[in-house]
Number of protein chains: 2
Amino acid sequence: MTLLPSPQQLRYLVTLAESRHFGRAAQICAVTQSTLSAGLLALERQLDCHILDRAAGRHVVFTPLGLELVERARTALTALESVSEAARAAREPMGGPLRLGVIPTIGPFLLPTLMPALRSAFPRLRLYLREDTTANLVDRLNANRLDLLLLATPCDCGGADTMPVARDGFLVALPPGHRLAGEDAIPVAALATERLLLLEDGHCLRDQALAVCGLLAGDRGDQDGFAATSLHTLVQMVANGLGITLLPALAVAAGITDGTGLVLRPLAGAGAWRTLGLAWRPNAPRSADYQALGSRLVETCREVLENQRAHAGAICVSLPV
Amino acid sequence: MTLLPSPQQLRYLVTLAESRHFGRAAQICAVTQSTLSAGLLALERQLDCHILDRAAGRHVVFTPLGLELVERARTALTALESVSEAARAAREPMGGPLRLGVIPTIGPFLLPTLMPALRSAFPRLRLYLREDTTANLVDRLNANRLDLLLLATPCDCGGADTMPVARDGFLVALPPGHRLAGEDAIPVAALATERLLLLEDGHCLRDQALAVCGLLAGDRGDQDGFAATSLHTLVQMVANGLGITLLPALAVAAGITDGTGLVLRPLAGAGAWRTLGLAWRPNAPRSADYQALGSRLVETCREVLENQRAHAGAICVSLPV
DNA sequence: CAAAGTCATCGTTTATTTCAATCAAAACAT
DNA sequence: ATGTTTTGATTGAAATAAACGATGACTTTG
């Protein structure tokens, strides 16, 4: 039987690949640089192959095989962790650390309500948060640097298991006095002639908003070079008359338009929405936990979205939720 | 960061689960029984959980959590091995040990030709063979006890990556002087009134033959309690006038009907066939090797199946290959 | 050219793993 | 019942592997 690589050595390998620096990698692994160096050499000797290209000056350069081994090492470490995680999950359901990734168009609006709710429902859960774009979060999920994602579909979740938790409708946000502000509901066709403001590239909300308008993601370069970096910025831009936009009901419910005088109108016809949902690695040892958390999340989303009427009810005739 | 279980301990765990006996498991792991016992206790202590139900007399009984951990341990070990395997595969393409599983309705007819061909094409390959039913082979593939399967689709390959290598036509095998023996081609409908002999349950060929006849797998219990355990037996039964059957062209090509006087006829209309193919675990480190081997296999199958005419050409008018 | 930075190497210490021998309990046969 | 066998757990010595700190060789940078 073949000799297996030690988890330690694989951890050295993966950490080195992530930091591309022996010293820093050693620090992260909480060992000395010599230990990490020796561990990597031992790994190369045991596998009888070259992982690093040592002819390449002082930068850490991986051979093609080295990169493949890094990927496989990552997978192996994830599988190893899932053994101990499964044991821990059985010992203490809904407890322990949980690394949750959230996209920027959900986080600021849902977390203020969600976090206290989760704390009271699952007091032993220790939530670590990271806010980033869908693509980055999915990468981190697959690299086992996050356990659970809260994001908006449709999007590319790269093979993750998912659970939908809420439907989040889109509203047209108009500056006060806009020519469309008098309408009860705005047909999609009317948007074509408007200057539609969007988030910068990388935000899934951008693609979803474009899809709602019947456009492809690549269709619209930001003609004037102004794409917003957050929904708050976007709201300010609309309030200043630079154009109109689509806002998720969730953000409105959280009061993002409060005090701006913005007019909110539903799109005419079939509702346009995004689906909020959880995503995790297939076979994740704590998927039962994640689903229970998802059920709780369904409640919270409902509460938050119903609360929306306090903010938008007066000016928005029909509200897709 | 969580403490990871050692690969050693996981190997003890998986081996114990497979042998359900400390002593034998220790022997397989090439350690003493005390080492294996201590390793398992250490694992339970590290994970702070019960893996074995020690109240259950002298038999090895796993707790539900224990069974889950075994499964995850298997996965983790496979992932670990894939690291060293990837290195080995890069160092020596098409070399080293390869555990190949073959179904009984392919093995005896293809391997005599295939093995020498592979030996000359890939002299450094060390082939270990196992013949078993599809379901058992797939289980062993997933448990990382086999690397590559040679089987016949359609069948349930349970998530494996596959590569078709040949189309293997079905022929109607009739006893000499059978009332249908005069026909050039036999319509499927004619089979309904015949006593159709089949392999015993578990052979995919049985299900595939039934499907060709438009029947479901469960439709036909072996009315008379006689199902054959091998194609050779089946041929003898047909030769003795107990009924008729369908034979794969591959078996005919290998001469399974030689000297029996059996009459072979194609089915009328669209050809009925099974597809021979390879299957391996997704992300298997040597999948490039497997595909190269598959390409070679395509050649061998073609040769063998063309050779069929030497055996059946004279009596079989049109031959689906 | 000097200085800093980076990775590899060496000898020592520490921690872990394994073995052989032995023990206690359960199952089986008489 | 009662000895016998089988099974898994325990123990202390020996072997093995991993970690550290200091140092060396080599680049890159100012």
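For the numbers below, each heavy atom of this structure counts, side chains included, while hydrogens, waters and symmetry mates do not. Keep in mind the model is a prediction, meaning the values are calculated, not measured. Chain identifiers are assigned alphabetically (A, B, ...) following the order of the sequence lines, protein sequences preceding nucleic acid strands; residue numbering begins at 1 within each chain.
- Closest non-hydrogen pair, A/His21 versus A/Gly23, comes out as ND1-N, 3.0 Å.
- Annotation: B/Gln27, atom CD; neighbour count of heavy atoms from other residues, nucleotides and ligands within 6.0 Å does not exceed 12.
- Protein atom CG of A/Leu41 is 13 Å distant from nucleotide atom P of D/dA18, rounded to whole Å.
- Distances were taken from every side-chain heavy atom of A/Thr35 (C-beta onward) to each of C/dC19, D/dT7, D/dC20; the shortest belongs to D/dC20.
- The CG atom of A/Asp53 sits 14 Å away from the C1' atom of C/dC7 (whole-angstrom rounding).
- Not a single donor-acceptor contact under 3.5 angstrom links the side-chain atoms of B/Ser37 to the base of D/dG8.
- Positionally, the nearest nucleotide of DNA chain D for B/Arg20 lies more toward the 5' end than for the other of A/Leu36 and B/Arg20.
- Taking each heavy atom of B/Cys204 and B/Ala152 in turn, the nearest pair found is SG-O, 4.1 Å.
- Distance CD1 (A/Ile51) to P (C/dC7): 15 Å, rounded to an integer number of Å.
- The nearest whole Å value for the distance from the NE2 atom in A/His59 to the C1' atom in D/dT29 is 11 Å.
- At the heavy-atom level, B/Ala30 lies under 4.0 Å from the strands shown only through sugar-phosphate atoms.
- Separating the CG atom of A/Leu16 from the P atom of C/dT6 is a distance of 13 Å, rounded to the nearest angstrom.
- When each of D/dT10, D/dG8, C/dT6 is scored by its nearest atom to the side-chain atoms of B/Ser34, the top-ranked nucleotide is D/dT10.
- Protein atom CD of A/Gln27 is 14 Å distant from nucleotide atom C1' of C/dT6, rounded to whole Å.
- The side chain of B/Tyr12 approaches C/dT18 more closely than any other nucleotide in the set C/dC19, C/dT18, C/dT6.
- Within the 3.5 Å criterion, the main-chain N or O of A/Leu52 finds a donor-acceptor partner in the side chain of A/Glu44.
- Going from atom CG of A/Leu40 over to atom C1' of C/dA8 covers 12 Å, rounded to whole Å.
- Using a 4.0 Å cut-off, some side-chain N or O of B/His21 falls inside it from OP1 or OP2 of D/dT7.
- Closest to the side chain of B/Phe22, out of C/dT9, D/dA9, C/dC19, is D/dA9.
- Checking C/dC19, D/dA9, C/dA8 against every side-chain atom of A/Gln33, the shortest atom distance belongs to C/dA8.
- Using a 4.0 Å heavy-atom cutoff across all strands shown, B/Gly23 reaches sugar-phosphate atoms only and no base atom.
- Taken to the nearest 0.5 Å, the OG atom of A/Ser230 stands 8.0 Å off from the NE2 atom of A/His203.
- Out of D/dG8, D/dA19, D/dC20, the shortest distance to the side chain of A/Gln8 is found at D/dA19.
- The CG atom of B/Leu43 sits 16 Å away from the C1' atom of D/dA9 (whole-angstrom rounding).
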